[in-house]
Amino acid sequence: MRFATFMVFAAAIGCSSLAPPNEQIANAEMAIRKVDDSQGSRYAALDLLKAREKLDKAKLAMQEKEYTDARRLAEQAMVDALLAEEKARTAQSKETAREMARTVESLRREAERFEGQQGLPAR
Amino acid sequence: MKLSRIEDVEHECSRSGQFRRFGPEGDDRMRTTQSRRLAGSLGALVLLLTVGCATVSPDVERARGAYNEAASDPELASRAAVELYEAQKSLAQAENAWNLLRDESEAQHRSYLTERKIEIARTAAERKLAEAEIARLTEVRRDFLMDARTREADRARTEAQRRAEEAQARAREAREAQLSAEEALREAEAAREKARKLEAELAEVGARATDRGYVLTLGDVLFDLDKADLKPGALRNLYRLVTFMNLYPDRGVLIEGHTDSLGEDSYNVDLSERRAISMQSFLFENGIARDRVNSKGYGEAFPVASNETQSGRQQNRRVEVLILNPGESPESLSAAPH
(Lines give C-alpha, C1' and ligand atoms only; values in the text may rest on other atoms or scores of the structure.)
Protein backbone atom coordinates (compact mmCIF):
# COMPACT_ATOMS: atom_id res chain seq x y z
CA MET A 1 0.00 0.00 0.00
CA ARG A 2 2.64 2.49 1.05
CA PHE A 3 4.79 1.46 -1.85
CA ALA A 4 1.95 2.02 -4.31
CA THR A 5 1.39 5.53 -2.99
CA PHE A 6 5.07 6.24 -3.23
CA MET A 7 5.11 5.09 -6.85
CA VAL A 8 2.17 7.26 -7.78
CA PHE A 9 3.73 10.31 -6.18
CA ALA A 10 7.14 9.65 -7.74
CA ALA A 11 5.50 9.17 -11.11
CA ALA A 12 3.64 12.45 -10.76
CA ILE A 13 6.81 14.46 -10.10
CA GLY A 14 8.89 12.33 -12.41
CA CYS A 15 6.51 12.84 -15.32
CA SER A 16 6.36 16.57 -14.74
CA SER A 17 10.08 16.81 -15.32
CA LEU A 18 9.77 15.02 -18.62
CA ALA A 19 7.16 17.20 -20.24
CA PRO A 20 7.89 20.90 -21.07
CA PRO A 21 6.01 23.05 -18.45
CA ASN A 22 4.22 25.24 -20.98
CA GLU A 23 1.20 25.65 -18.75
CA GLN A 24 3.22 26.87 -15.75
CA ILE A 25 5.09 29.39 -17.89
CA ALA A 26 1.86 30.69 -19.41
CA ASN A 27 0.31 31.01 -15.94
CA ALA A 28 3.30 32.96 -14.62
CA GLU A 29 3.25 35.28 -17.62
CA MET A 30 -0.44 35.95 -17.11
CA ALA A 31 0.00 36.63 -13.40
CA ILE A 32 2.86 39.09 -14.06
CA ARG A 33 0.86 40.91 -16.73
CA LYS A 34 -2.07 41.18 -14.35
CA VAL A 35 0.08 42.88 -11.70
CA ASP A 36 1.53 45.21 -14.34
CA ASP A 37 -1.93 46.22 -15.49
CA SER A 38 -3.16 46.96 -11.97
CA GLN A 39 -0.26 49.36 -11.19
CA GLY A 40 1.09 46.73 -8.81
CA SER A 41 4.68 47.76 -9.64
CA ARG A 42 4.10 50.90 -7.58
CA TYR A 43 3.49 48.91 -4.42
CA ALA A 44 5.46 45.66 -4.89
CA ALA A 45 8.29 46.51 -7.26
CA LEU A 46 10.82 44.05 -5.81
CA ASP A 47 8.51 41.02 -5.87
CA LEU A 48 7.49 41.84 -9.39
CA LEU A 49 11.14 42.16 -10.44
CA LYS A 50 11.94 38.76 -8.88
CA ALA A 51 9.00 37.22 -10.71
CA ARG A 52 10.19 38.62 -14.06
CA GLU A 53 13.75 37.42 -13.54
CA LYS A 54 12.52 33.93 -12.69
CA LEU A 55 10.24 33.85 -15.69
CA ASP A 56 13.17 34.83 -17.92
CA LYS A 57 15.30 32.07 -16.37
CA ALA A 58 12.46 29.60 -16.83
CA LYS A 59 12.32 30.43 -20.52
CA LEU A 60 16.07 29.98 -20.81
CA ALA A 61 15.77 26.58 -19.08
CA MET A 62 13.06 25.63 -21.55
CA GLN A 63 15.45 26.34 -24.41
CA GLU A 64 18.04 24.13 -22.65
CA LYS A 65 15.31 21.50 -22.29
CA GLU A 66 15.87 21.62 -18.51
CA TYR A 67 12.18 21.10 -17.93
CA THR A 68 12.37 20.50 -14.19
CA ASP A 69 14.25 23.75 -13.61
CA ALA A 70 11.91 25.51 -16.01
CA ARG A 71 8.87 24.26 -14.12
CA ARG A 72 10.23 25.27 -10.71
CA LEU A 73 11.26 28.73 -11.93
CA ALA A 74 7.88 29.27 -13.57
CA GLU A 75 6.07 28.17 -10.42
CA GLN A 76 8.20 30.51 -8.29
CA ALA A 77 7.67 33.37 -10.75
CA MET A 78 3.94 32.68 -10.48
CA VAL A 79 3.92 32.76 -6.67
CA ASP A 80 6.09 35.89 -6.62
CA ALA A 81 3.65 37.60 -8.98
CA LEU A 82 0.70 36.52 -6.81
CA LEU A 83 2.44 37.96 -3.74
CA ALA A 84 3.14 41.20 -5.62
CA GLU A 85 -0.53 41.39 -6.59
CA GLU A 86 -1.69 40.75 -3.04
CA LYS A 87 0.72 43.37 -1.66
CA ALA A 88 -0.51 45.92 -4.18
CA ARG A 89 -4.16 45.26 -3.35
CA THR A 90 -3.45 45.45 0.37
CA ALA A 91 -1.53 48.72 0.01
CA GLN A 92 -4.39 50.21 -1.98
CA SER A 93 -6.97 49.07 0.57
CA LYS A 94 -4.93 50.53 3.41
CA GLU A 95 -4.60 53.80 1.54
CA THR A 96 -8.35 53.90 0.95
CA ALA A 97 -8.97 53.14 4.65
CA ARG A 98 -6.66 55.99 5.69
CA GLU A 99 -8.39 58.33 3.25
CA MET A 100 -11.79 57.31 4.64
CA ALA A 101 -10.59 57.81 8.20
CA ARG A 102 -9.52 61.37 7.34
CA THR A 103 -12.86 62.10 5.67
CA VAL A 104 -14.84 60.70 8.60
CA GLU A 105 -12.68 62.65 11.04
CA SER A 106 -13.36 65.94 9.26
CA LEU A 107 -17.09 65.14 9.13
CA ARG A 108 -17.01 64.38 12.84
CA ARG A 109 -15.31 67.70 13.59
CA GLU A 110 -17.88 69.50 11.47
CA ALA A 111 -20.74 67.79 13.28
CA GLU A 112 -19.22 68.62 16.67
CA ARG A 113 -18.81 72.24 15.65
CA PHE A 114 -22.44 72.34 14.57
CA GLU A 115 -23.64 70.72 17.79
CA GLY A 116 -21.47 73.15 19.73
CA GLN A 117 -23.25 76.01 17.98
CA GLN A 118 -26.58 74.47 18.83
CA GLY A 119 -25.59 74.16 22.47
CA LEU A 120 -26.06 70.38 22.30
CA PRO A 121 -23.60 67.92 23.83
CA ALA A 122 -21.09 66.65 21.28
CA ARG A 123 -21.47 63.02 20.31
CA MET B 1 -4.72 10.60 2.24
CA LYS B 2 -1.57 12.62 1.91
CA LEU B 3 -1.67 13.62 5.56
CA SER B 4 -1.98 10.04 6.74
CA ARG B 5 1.03 9.25 4.64
CA ILE B 6 3.07 11.97 6.29
CA GLU B 7 2.01 10.71 9.71
CA ASP B 8 3.15 7.23 8.77
CA VAL B 9 6.55 8.52 7.81
CA GLU B 10 6.86 10.57 10.98
CA HIS B 11 5.87 7.53 13.06
CA GLU B 12 8.67 5.59 11.43
CA CYS B 13 11.08 8.40 12.14
CA SER B 14 10.19 8.66 15.83
CA ARG B 15 10.72 4.92 16.23
CA SER B 16 14.13 5.16 14.61
CA GLY B 17 14.84 8.10 16.95
CA GLN B 18 14.25 5.77 19.93
CA PHE B 19 16.64 3.27 18.43
CA ARG B 20 19.21 6.00 18.07
CA ARG B 21 18.87 7.19 21.66
CA PHE B 22 19.17 3.73 23.18
CA GLY B 23 21.97 2.71 20.86
CA PRO B 24 25.02 3.96 22.86
CA GLU B 25 23.66 2.56 26.18
CA GLY B 26 23.30 -0.84 24.52
CA ASP B 27 26.96 -0.59 23.44
CA ASP B 28 28.00 0.01 27.08
CA ARG B 29 26.03 -2.95 28.45
CA MET B 30 27.00 -5.62 25.94
CA ARG B 31 30.69 -6.27 25.76
CA THR B 32 30.79 -9.93 24.52
CA THR B 33 32.02 -10.72 20.99
CA GLN B 34 28.61 -12.03 20.11
CA SER B 35 26.99 -9.08 21.46
CA ARG B 36 29.58 -6.88 19.73
CA ARG B 37 28.64 -8.51 16.40
CA LEU B 38 25.00 -8.03 17.21
CA ALA B 39 25.70 -4.47 18.22
CA GLY B 40 27.57 -3.98 14.96
CA SER B 41 24.65 -5.11 12.85
CA LEU B 42 22.28 -3.13 15.07
CA GLY B 43 24.47 -0.08 14.66
CA ALA B 44 24.39 -0.49 10.87
CA LEU B 45 20.62 -0.69 11.04
CA VAL B 46 20.47 2.37 13.28
CA LEU B 47 22.75 4.27 10.93
CA LEU B 48 20.64 3.29 7.96
CA LEU B 49 17.43 4.32 9.64
CA THR B 50 18.93 7.55 10.94
CA VAL B 51 20.23 8.63 7.55
CA GLY B 52 17.18 7.34 5.74
CA CYS B 53 14.55 8.85 7.98
CA ALA B 54 15.62 11.04 10.85
CA THR B 55 17.62 13.67 8.93
CA VAL B 56 15.60 16.79 8.33
CA SER B 57 15.55 19.34 5.55
CA PRO B 58 16.16 22.82 6.99
CA ASP B 59 14.07 24.29 4.18
CA VAL B 60 11.06 22.10 4.93
CA GLU B 61 11.50 22.68 8.67
CA ARG B 62 11.52 26.45 8.16
CA ALA B 63 8.43 26.25 5.94
CA ARG B 64 6.62 24.08 8.51
CA GLY B 65 7.57 26.47 11.31
CA ALA B 66 6.30 29.44 9.32
CA TYR B 67 3.07 27.59 8.54
CA ASN B 68 2.46 26.54 12.17
CA GLU B 69 3.04 30.09 13.37
CA ALA B 70 0.60 31.50 10.83
CA ALA B 71 -2.04 28.82 11.46
CA SER B 72 -1.92 29.38 15.23
CA ASP B 73 -2.86 33.05 14.76
CA PRO B 74 -6.68 32.86 14.95
CA GLU B 75 -7.08 36.33 13.41
CA LEU B 76 -5.01 35.34 10.38
CA ALA B 77 -6.54 31.86 10.15
CA SER B 78 -10.05 33.33 9.96
CA ARG B 79 -9.29 36.24 7.63
CA ALA B 80 -7.10 34.33 5.16
CA ALA B 81 -8.45 30.78 5.43
CA VAL B 82 -8.24 30.08 1.67
CA GLU B 83 -4.71 31.47 1.29
CA LEU B 84 -3.59 29.50 4.33
CA TYR B 85 -5.07 26.32 2.90
CA GLU B 86 -3.06 26.87 -0.29
CA ALA B 87 0.07 27.21 1.87
CA GLN B 88 -0.84 24.01 3.72
CA LYS B 89 -1.15 22.04 0.47
CA SER B 90 2.18 23.41 -0.65
CA LEU B 91 3.78 22.40 2.66
CA ALA B 92 2.44 18.84 2.28
CA GLN B 93 4.03 18.65 -1.17
CA ALA B 94 7.35 19.90 0.25
CA GLU B 95 7.24 17.26 3.00
CA ASN B 96 6.38 14.51 0.54
CA ALA B 97 9.18 15.57 -1.75
CA TRP B 98 11.61 15.24 1.14
CA ASN B 99 10.23 12.30 3.08
CA LEU B 100 9.16 10.07 0.21
CA LEU B 101 11.32 11.11 -2.70
CA ARG B 102 14.44 12.48 -1.00
CA ASP B 103 14.39 15.11 -3.69
CA GLU B 104 16.22 17.95 -2.00
CA SER B 105 15.80 20.43 -4.83
CA GLU B 106 12.09 19.74 -5.10
CA ALA B 107 11.67 19.99 -1.32
CA GLN B 108 13.55 23.28 -1.33
CA HIS B 109 11.42 24.52 -4.23
CA ARG B 110 8.17 23.49 -2.54
CA SER B 111 9.32 25.07 0.73
CA TYR B 112 9.98 28.34 -1.08
CA LEU B 113 6.47 28.23 -2.57
CA THR B 114 5.04 27.47 0.88
CA GLU B 115 6.76 30.44 2.51
CA ARG B 116 5.66 32.78 -0.24
CA LYS B 117 2.08 31.50 0.09
CA ILE B 118 2.19 32.12 3.83
CA GLU B 119 3.33 35.67 3.10
CA ILE B 120 0.42 36.00 0.67
CA ALA B 121 -1.92 34.81 3.44
CA ARG B 122 -0.49 37.35 5.92
CA THR B 123 -0.85 40.17 3.40
CA ALA B 124 -4.38 39.08 2.49
CA ALA B 125 -5.32 39.09 6.17
CA GLU B 126 -4.07 42.69 6.43
CA ARG B 127 -6.04 43.59 3.31
CA LYS B 128 -9.22 42.08 4.71
CA LEU B 129 -8.74 43.98 7.93
CA ALA B 130 -8.38 47.20 5.92
CA GLU B 131 -11.46 46.29 3.86
CA ALA B 132 -13.49 45.72 7.03
CA GLU B 133 -12.32 49.11 8.24
CA ILE B 134 -13.34 50.68 4.92
CA ALA B 135 -16.79 49.12 5.22
CA ARG B 136 -17.16 50.38 8.78
CA LEU B 137 -15.98 53.91 7.87
CA THR B 138 -18.33 53.95 4.88
CA GLU B 139 -21.23 53.35 7.25
CA VAL B 140 -20.01 56.06 9.60
CA ARG B 141 -19.52 58.48 6.72
CA ARG B 142 -22.99 57.74 5.39
CA ASP B 143 -24.46 58.45 8.83
CA PHE B 144 -22.56 61.71 9.09
CA LEU B 145 -23.58 62.79 5.61
CA MET B 146 -27.18 61.91 6.35
CA ASP B 147 -27.00 63.88 9.58
CA ALA B 148 -25.44 66.78 7.71
CA ARG B 149 -28.20 66.67 5.08
CA THR B 150 -30.82 66.56 7.82
CA ARG B 151 -29.16 69.51 9.56
CA GLU B 152 -29.04 71.43 6.28
CA ALA B 153 -32.69 70.67 5.58
CA ASP B 154 -33.68 71.68 9.10
CA ARG B 155 -31.75 74.89 8.78
CA ALA B 156 -33.33 75.66 5.40
CA ARG B 157 -36.78 74.85 6.73
CA THR B 158 -36.31 77.04 9.81
CA GLU B 159 -35.01 79.85 7.64
CA ALA B 160 -37.93 79.57 5.22
CA GLN B 161 -40.39 79.47 8.10
CA ARG B 162 -38.79 82.53 9.68
CA ARG B 163 -38.98 84.42 6.37
CA ALA B 164 -42.59 83.43 5.84
CA GLU B 165 -43.47 84.58 9.34
CA GLU B 166 -41.65 87.85 8.79
CA ALA B 167 -43.49 88.43 5.54
CA GLN B 168 -46.80 87.62 7.21
CA ALA B 169 -46.02 89.96 10.07
CA ARG B 170 -45.10 92.73 7.63
CA ALA B 171 -48.29 92.19 5.65
CA ARG B 172 -50.33 92.17 8.85
CA GLU B 173 -48.67 95.36 10.05
CA ALA B 174 -49.29 97.05 6.73
CA ARG B 175 -52.93 95.94 6.76
CA GLU B 176 -53.34 97.11 10.33
CA ALA B 177 -51.67 100.42 9.56
CA GLN B 178 -53.99 100.90 6.62
CA LEU B 179 -57.00 99.89 8.68
CA SER B 180 -56.05 102.14 11.56
CA ALA B 181 -55.44 105.03 9.15
CA GLU B 182 -58.84 104.42 7.63
CA GLU B 183 -60.31 104.02 11.08
CA ALA B 184 -58.70 107.28 12.21
CA LEU B 185 -60.03 109.00 9.13
CA ARG B 186 -63.48 107.60 9.77
CA GLU B 187 -63.31 108.53 13.42
CA ALA B 188 -62.16 112.07 12.63
CA GLU B 189 -64.89 112.30 10.04
CA ALA B 190 -67.42 110.93 12.51
CA ALA B 191 -66.24 113.36 15.19
CA ARG B 192 -66.52 116.25 12.77
CA GLU B 193 -69.89 115.00 11.67
CA LYS B 194 -70.99 114.65 15.29
CA ALA B 195 -69.78 118.15 16.12
CA ARG B 196 -71.57 119.54 13.04
CA LYS B 197 -74.73 117.69 14.01
CA LEU B 198 -74.52 118.86 17.62
CA GLU B 199 -74.06 122.43 16.51
CA ALA B 200 -76.92 122.13 14.08
CA GLU B 201 -79.14 120.66 16.74
CA LEU B 202 -78.11 123.22 19.30
CA ALA B 203 -78.84 125.89 16.74
CA GLU B 204 -82.21 124.24 16.16
CA VAL B 205 -82.90 124.41 19.87
CA GLY B 206 -81.70 128.02 19.89
CA ALA B 207 -78.60 127.65 22.04
CA ARG B 208 -75.53 129.77 21.60
CA ALA B 209 -71.94 129.08 22.46
CA THR B 210 -70.62 130.97 25.46
CA ASP B 211 -67.48 130.58 27.56
CA ARG B 212 -69.55 128.38 29.97
CA GLY B 213 -70.66 126.14 27.14
CA TYR B 214 -73.84 126.11 25.10
CA VAL B 215 -76.55 128.21 26.68
CA LEU B 216 -80.18 128.25 25.64
CA THR B 217 -81.88 131.47 26.69
CA LEU B 218 -85.64 131.43 26.91
CA GLY B 219 -87.18 134.86 27.15
CA ASP B 220 -90.11 135.91 29.38
CA VAL B 221 -92.46 134.94 26.61
CA LEU B 222 -92.61 131.52 28.33
CA PHE B 223 -94.40 132.87 31.35
CA ASP B 224 -97.16 135.29 32.20
CA LEU B 225 -96.27 138.13 34.48
CA ASP B 226 -95.61 136.92 38.00
CA LYS B 227 -96.61 133.41 36.94
CA ALA B 228 -94.52 130.28 36.92
CA ASP B 229 -96.72 128.17 34.59
CA LEU B 230 -95.39 127.63 31.11
CA LYS B 231 -97.39 129.27 28.36
CA PRO B 232 -98.59 126.75 25.77
CA GLY B 233 -97.00 128.80 22.95
CA ALA B 234 -93.54 128.35 24.55
CA LEU B 235 -93.69 124.62 24.48
CA ARG B 236 -92.32 124.26 20.92
CA ASN B 237 -88.84 125.39 22.01
CA LEU B 238 -88.96 123.10 25.05
CA TYR B 239 -89.92 120.05 22.97
CA ARG B 240 -86.86 120.72 20.88
CA LEU B 241 -84.80 120.67 24.08
CA VAL B 242 -86.36 117.34 25.04
CA THR B 243 -85.54 115.96 21.60
CA PHE B 244 -82.00 117.23 21.91
CA MET B 245 -81.60 115.64 25.35
CA ASN B 246 -82.92 112.35 24.05
CA LEU B 247 -80.39 112.48 21.23
CA TYR B 248 -77.53 113.17 23.65
CA PRO B 249 -78.33 111.06 26.70
CA ASP B 250 -74.88 111.70 28.19
CA ARG B 251 -75.52 115.41 28.59
CA GLY B 252 -77.28 117.05 31.53
CA VAL B 253 -78.72 120.57 31.84
CA LEU B 254 -78.67 123.26 34.46
CA ILE B 255 -81.76 125.47 34.53
CA GLU B 256 -81.28 128.97 35.91
CA GLY B 257 -84.13 131.40 36.53
CA HIS B 258 -83.56 135.19 36.44
CA THR B 259 -85.82 138.24 36.95
CA ASP B 260 -85.59 142.02 36.52
CA SER B 261 -85.15 144.35 39.49
CA LEU B 262 -88.75 145.28 39.93
CA GLY B 263 -90.36 144.03 43.15
CA GLU B 264 -88.99 142.51 46.33
CA ASP B 265 -85.71 140.74 46.05
CA SER B 266 -86.87 137.66 47.95
CA TYR B 267 -89.98 137.51 45.83
CA ASN B 268 -87.90 137.66 42.68
CA VAL B 269 -85.67 134.80 43.88
CA ASP B 270 -88.72 132.76 44.71
CA LEU B 271 -90.35 133.55 41.36
CA SER B 272 -87.18 132.67 39.42
CA GLU B 273 -86.90 129.44 41.37
CA ARG B 274 -90.46 128.46 40.67
CA ARG B 275 -90.08 129.21 36.98
CA ALA B 276 -86.85 127.10 36.84
CA ILE B 277 -88.58 124.24 38.69
CA SER B 278 -91.57 124.52 36.35
CA MET B 279 -89.27 123.95 33.39
CA GLN B 280 -87.51 121.13 35.23
CA SER B 281 -90.84 119.45 35.87
CA PHE B 282 -91.70 119.77 32.20
CA LEU B 283 -88.50 117.93 31.29
CA PHE B 284 -89.18 115.21 33.87
CA GLU B 285 -92.71 114.80 32.59
CA ASN B 286 -91.28 114.28 29.13
CA GLY B 287 -89.10 111.40 30.26
CA ILE B 288 -85.78 113.08 31.05
CA ALA B 289 -84.00 111.35 33.94
CA ARG B 290 -83.96 113.30 37.23
CA ASP B 291 -80.22 113.17 37.66
CA ARG B 292 -79.74 114.95 34.34
CA VAL B 293 -81.48 118.16 35.40
CA ASN B 294 -80.93 120.67 38.18
CA SER B 295 -82.57 124.04 38.66
CA LYS B 296 -81.80 127.21 40.55
CA GLY B 297 -83.44 130.63 40.98
CA TYR B 298 -81.14 133.65 41.11
CA GLY B 299 -83.71 136.42 41.19
CA GLU B 300 -82.32 139.76 40.00
CA ALA B 301 -78.69 139.01 40.94
CA PHE B 302 -77.36 138.38 37.38
CA PRO B 303 -78.85 140.92 34.95
CA VAL B 304 -77.75 140.73 31.31
CA ALA B 305 -78.98 144.24 30.46
CA SER B 306 -79.91 147.51 32.20
CA ASN B 307 -82.97 147.40 34.43
CA GLU B 308 -83.57 151.12 33.65
CA THR B 309 -85.30 150.53 30.37
CA GLN B 310 -88.23 148.39 29.45
CA SER B 311 -86.29 146.40 26.83
CA GLY B 312 -83.42 145.91 29.26
CA ARG B 313 -85.74 144.60 31.96
CA GLN B 314 -87.37 142.30 29.37
CA GLN B 315 -83.95 140.82 28.56
CA ASN B 316 -83.25 140.28 32.25
CA ARG B 317 -86.48 138.33 32.78
CA ARG B 318 -85.31 134.98 31.42
CA VAL B 319 -84.56 131.32 31.97
CA GLU B 320 -81.16 130.11 30.84
CA VAL B 321 -80.55 126.44 30.13
CA LEU B 322 -76.85 125.57 30.36
CA ILE B 323 -76.20 122.49 28.27
CA LEU B 324 -73.49 120.52 30.07
CA ASN B 325 -70.66 118.62 28.41
CA PRO B 326 -70.76 114.82 28.68
CA GLY B 327 -69.67 113.68 32.15
CA GLU B 328 -70.53 116.96 33.93
CA SER B 329 -73.05 116.55 36.72
CA PRO B 330 -75.88 119.12 37.08
CA GLU B 331 -75.62 118.81 40.92
CA SER B 332 -72.00 119.96 40.97
CA LEU B 333 -72.62 122.99 38.77
CA SER B 334 -75.40 124.78 40.56
CA ALA B 335 -73.67 128.15 41.01
CA ALA B 336 -74.13 130.52 38.11
CA PRO B 337 -70.67 131.82 37.32
CA HIS B 338 -71.72 135.07 35.62
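To find a chain, count down the sequence lines: A is the first, B the second, and so on, and within it residues start at 1.
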By number, which residues in residues 173-190 of chain B have some heavy atom less than 4.5 Å away from chain A?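 Near chain A, by residue number: none.
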Spell out the residues in residues 123-131 of chain B that have some non-hydrogen atom less than 4.5 Å away from a non-hydrogen atom of chain A, in order of number; otherwise answer 'none'.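 From residues 123-131 of chain B, the residues near chain A are B:Thr123, B:Ala124, B:Glu126, B:Arg127, B:Ala130, B:Glu131.
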[X] [atom1] to [Y] [atom2] distance, which is reported to the nearest 0.5 Å:
| X | Y | atom1 | atom2 | answer |
| --- | --- | --- | --- | --- |
| B:Glu83 | A:Leu83 | CD | CG | 11.5 Å |
| A:Met100 | B:Thr138 | CE | OG1 | 3.5 Å |
| B:Asp147 | A:Glu110 | CG | CD | 11.0 Å |

Counting only heavy atoms not in B:Glu61, do more than 12 fall under 6.0 Å of its CD?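 Yes, CD of B:Glu61 has more than 12 neighbouring heavy atoms, counting only those of other groups under 6.0 Å.
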More than 12 foreign heavy atoms under 6.0 Å from CZ of B:Arg162: is that the case here?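 Counting other residues, nucleotides and ligands, CZ of B:Arg162 exceeds 12 neighbours.
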Any carboxylate oxygen within less than 4.0 angstrom of a Lys/Arg side-chain nitrogen, looking at A:Asp80 and B:Lys117?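 Result for this pair is no, no salt bridge flagged.
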Whether A:Lys94 and B:Glu133 form a salt bridge (side-chain N of Lys/Arg under 4.0 Å from carboxylate O of Asp/Glu) is what I want to check.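 Between A:Lys94 and B:Glu133 there is no salt bridge, as every charged N stays at least 4.0 Å from the carboxylate O atoms.
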Side-chain contact, heavy-atom cut-off 4.5 Å: A:Arg72 with B:Arg110?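 When only atoms from C-beta onward are counted, B:Arg110 and A:Arg72 do not touch, as no gap falls below 4.5 Å.
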List the steps and the verdict of side chain to side chain contact (heavy atoms under 4.5 Å, CB included) for A:Thr103 and B:Phe144. CA-CA 10 Å; A:Thr103 306; B:Phe144 272 121; over 6 Å; no
Region of B:Arg155 in contact with chain A, defined by heavy-atom distances below 4.5 Å: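 The answer is the side chain of B:Arg155.
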What part of B:Ser105 gets closer than 4.5 Å to chain A, counting heavy atoms only: side chain, backbone, both or neither?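 Contact with chain A: backbone and side chain both.
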Check against side chain to side chain contact (heavy atoms under 4.5 Å, CB included), A:Met78 and B:Arg116: CA-CA 10 Å; A:Met78 170 85 175; B:Arg116 296 300 260 179; over 6 Å; no
If you take all heavy atoms of A:Leu82 and B:Ile120, which pair is closest and at what distance?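 Distance-wise, the nearest heavy atoms are CB-CD1, 3.7 Å.
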